[in-house]
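Within every chain, numbering begins at 1; the chains are lettered A, B, ... in the order of the sequence lines, protein sequences first and strands thereafter. Atom set for the values below is all heavy atoms of this structure, side chains included, hydrogens, waters and symmetry mates excluded.
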Protein chains: 2
Amino acid sequence: MDQERPLPPVIERMWGREPAPRRGPRPRLDLAMITAAAIELADADGIGGVSMAGVASRVGVAATALYRYVGSKEDLLTAMADAVAPLPPDPAGLPWRDYLATWTRAQRDIILEHPWVLTISPFVPPMGPRRLLWLDRVLTALDGTGLDDGERINVASTLTGYALTDAAVVYGAGDPAYEKAGISGADEFGAALAEVLDPATYPALSAAVRGGVFSGAEGWVNDDDFLFGLSLLLDGVEQLIARRGGVS
Amino acid sequence: MDQERPLPPVIERMWGREPAPRRGPRPRLDLAMITAAAIELADADGIGGVSMAGVASRVGVAATALYRYVGSKEDLLTAMADAVAPLPPDPAGLPWRDYLATWTRAQRDIILEHPWVLTISPFVPPMGPRRLLWLDRVLTALDGTGLDDGERINVASTLTGYALTDAAVVYGAGDPAYEKAGISGADEFGAALAEVLDPATYPALSAAVRGGVFSGAEGWVNDDDFLFGLSLLLDGVEQLIARRGGVS
DNA sequence: GACGTACTGTGTATGGCGTTCATAGTTTTA
DNA sequence: TAAAACTATGAACGCCATACACAGTACGTC
């Protein structure tokens with residue numbers, strides 16, 4: 001509001017405000033091409049497969065050329081985390097509860113398709129065009145509920161956090177450390193716990209393990225678990241809305 | 001239950017099952033000393049300050065000696081993430097709702113004191129003695145509520161996710177990228193958003209920004225926001241318990 | 001009491017990484 | 001046509017995780 005503090009160059013570029021050069025050779029790249037290449041690499045080989053050299057060779061330039069577009073590798077990762085998000089679902093005509101449910105699930109699905117997102121600080125307040133679009137849509141969906149802006153943003157970030165958590169549990173299956181230990185599902189996880197837990201110091205947990213909480217699941221988690229936690233949250237939101245006297 | 005599949009050596013060590021050597025020189029270290037040193041480094045200089053060489057010199061050995069205790073740097077990070085958790089609060093005598101609230105807040109506080117925890121995949125199902133102790137205690141606190149084991153674990157992981165999310169928002173303040181851009185609080189964040197958002201494509205969000213959602217806060221978030229989201233969740237849990245016919 | 005054995009810590013070396021910097025090359029403006 | 005502004009390059013630097021062969025040390029055995 002006060003000073004026009006200059007934003008970091010990468011963020012400007014994420015918003016399509018490329019500093020149009022008036023002289024010199026035309027840039028062979030733009031940020032979108034670079035992030036797209038980096039995302040392909042990450043999808044294929046995980047975040048470890050993303051190196052400046054690798055990305056550069058994929059877009060056909062030398063490694064150091066990328067530094068004309070991003071200030072550092074971290075900048076690139078930030079841009080990737082934003083660009084990987086598709087357009088958010090359209091809230092038009094949906095009751096808030098339905099929209100929040102599909103919105104949250106869609107966010108989770110992004111991570112399931114691109115699990116490396118979890119490793120690039122998925123928590124920092126977003127400044128990219130895509131993630132802010134997601135935020136905007138959920139605010140819209142909460143119109144007419146009587147919640148104020150702050151409450152709506154809180155709801156949004158709580159749901160985002162839930163999507164992250166849930167996706168991460170599913171992704172736990174893919175964690176290299178567990179794979180190496182032969183733990184590729186909740187079943188093996190439970191067996192490993194049983195081997196290690198002392199019932200005296202872990203009474204409730206070892207009882208649950210012996211009771212078979214982790215048994216019988218195909219992978220780590222089924223869809224019911226996701227819906228379970230989600231409805232917990234939405235029930236909470238609904239109560240709040242009722243208190244505010246909004247429509248349900 | 002079936003096969004005694006061998007667990008990874010680090011995990012054995014985390015549980016104090018050091019493979020007692022019967023010959024050769026006595027080990028000068030144990031895993032606890034190493035993780036403690038690494039945690040001090042991370043607390044001081046962030047996760048980037050943790051290098052094998054740095055940790056090694058802090059405990060007085062050569063860098064490569066650490067590989068007698070951890071299989072890789074990732075192993076070390078895993079051990080750190082477990083060891084950094086203090087003992088969980090005691091649930092004895094507390095109503096479940098009170099305990100869950102303090103439990104969740106305590107988890108958040110761990111991250112606020114050691115924000116680097118966020119960067120070492122904080123989501124993977126825990127296998128360390130400390131984090132499993134936390135899980136055990138919350139299961140205990142939910143005794144008598146009528147929830148089954150699976151539901152209790154779901155509640156626990158949802159709350160953990162919430163603690164992570166909330167802490168991460170606060171920690172957003174410390175993010176180097178934002179610091180560099182001069183964004184050190186919600187106020188500046190809002191100003192930056194205002195500079196970048198087009199009201200046509202971001203109607204609800206830019207209205208909220210103009211309305212001052214991000215104004216007036218000292219830092220990023222105040223405690224009210226934490227309690228707000230938390231009670232959302234606990235309300236949800238309470239409804240579920242009521243449906244199950246447990247005591248409230 | 002001496003030898004072999006098993007184990008711990010060291011030193012050296014390697015390959016990969018992100019990043020810096022001076023330079024060459026290219027397009028536009030004057 | 002010359003200068004200016006900008007882009008991509010190539011070589012080099014420092015840091016890092018890690019592999020491997022070696023030296024030193026304590027226990028178990030004869």
Legend entry - Atom-to-atom span, CG of A/Leu29 to P of D/dC6 - whole angstrom: 18 Å

Legend entry - Interatomic distance where CG belongs to A/Leu66 and P belongs to D/dG10 [whole Å]: 14 Å

Legend entry - A/Glu12 atom CD, neighbour heavy-atom count above 12 within 6.0 Å: yes

Legend entry - Of the listed nucleotides D/dT9, D/dT7, C/dG18, the one nearest the side chain of A/Ala62: D/dT9

Inset, instruction - Find the distance A/Leu77:CG to C/dG18:C1' and express it as a whole number of Å. - result: 12 Å

Inset, instruction - Name the residue closer to the 5' end of DNA chain D, choosing between A/Arg28 and B/Gly48 according to the nucleotide with the nearest heavy atom. - result: A/Arg28

Legend entry - Presence of donor-acceptor pair under 3.5 Å, side chain of B/Thr64 and base of C/dG11: yes

Legend entry - nucleotides 23-30 of chain C: protein proximity per nucleotide (B base, S sugar-phosphate only, - neither; heavy atom, under 4.0 Å): --BBBBS-

Legend entry - Length of the line joining A/Leu76:CG and C/dG18:P, which is rounded to integer Å: 10 Å

Legend entry - B/Trp15 and A/Tyr202 aromatic ring geometry - parallel, tilted or perpendicular at 30°/60° bounds: tilted

Inset, instruction - Using the side-chain contact (heavy atoms from CB on, under 4.5 Å) rule, take B/Leu76 and B/Thr35 through it: C-alpha gap first, then chi angles, then the decisive distance, then the call. - result: CA-CA 7 Å; B/Leu76 174 57; B/Thr35 54; 4.1 Å; yes

Inset, instruction - Looking at every strand, decide which applies to A/Ser51 at a 4.0 Å heavy-atom threshold: base, sugar-phosphate, or nothing. - result: sugar-phosphate

Legend entry - Value in whole Å for how far the C1' atom of C/dT8 lies from CD1 of B/Ile34: 12 Å

Legend entry - Whole angstrom value for the distance that separates P of C/dG16 from NZ of B/Lys73: 19 Å

Inset, instruction - Send over the distance from B/Tyr67 OH to C/dT14 P, rounded to a whole Å. - result: 18 Å

Inset, instruction - Apply the test side-chain contact (heavy atoms from CB on, under 4.5 Å) to residues B/Val10 and B/Thr78: give CA-CA distance (whole Å), side-chain angles for both, the deciding distance (0.1 Å), then the verdict. - result: CA-CA 9 Å; B/Val10 200; B/Thr78 306; over 6 Å; no

Legend entry - Student check: side-chain heavy atoms of A/Leu77 and A/Ile47 closer than 4.5 Å: yes

Inset, instruction - Would you tell me if any nitrogen or oxygen in the side chain of A/Tyr69 comes within less than 4.0 Å of OP1 or OP2 on D/dA8? - result: yes

Inset, instruction - Output, in order, the C-alpha distance, side-chain angles, deciding distance and verdict of side-chain contact (heavy atoms from CB on, under 4.5 Å) for B/Asp75 and B/Tyr69. - result: CA-CA 9 Å; B/Asp75 280 358; B/Tyr69 302 88; over 6 Å; no

Inset, instruction - Apply side-chain contact (heavy atoms from CB on, under 4.5 Å) to the pair B/Arg17 and A/Val196, showing each step before the final yes or no. - result: CA-CA 10 Å; B/Arg17 304 176 171 185; A/Val196 121; 4.1 Å; yes

Inset, instruction - Could you please name the option among C/dC17, D/dA8, D/dT18 that lies closest to any side-chain atom of A/Ala65? - result: D/dA8

Legend entry - Interatomic distance, B/Met52 CE vs C/dA13 P [rounded to whole Å]: 21 Å

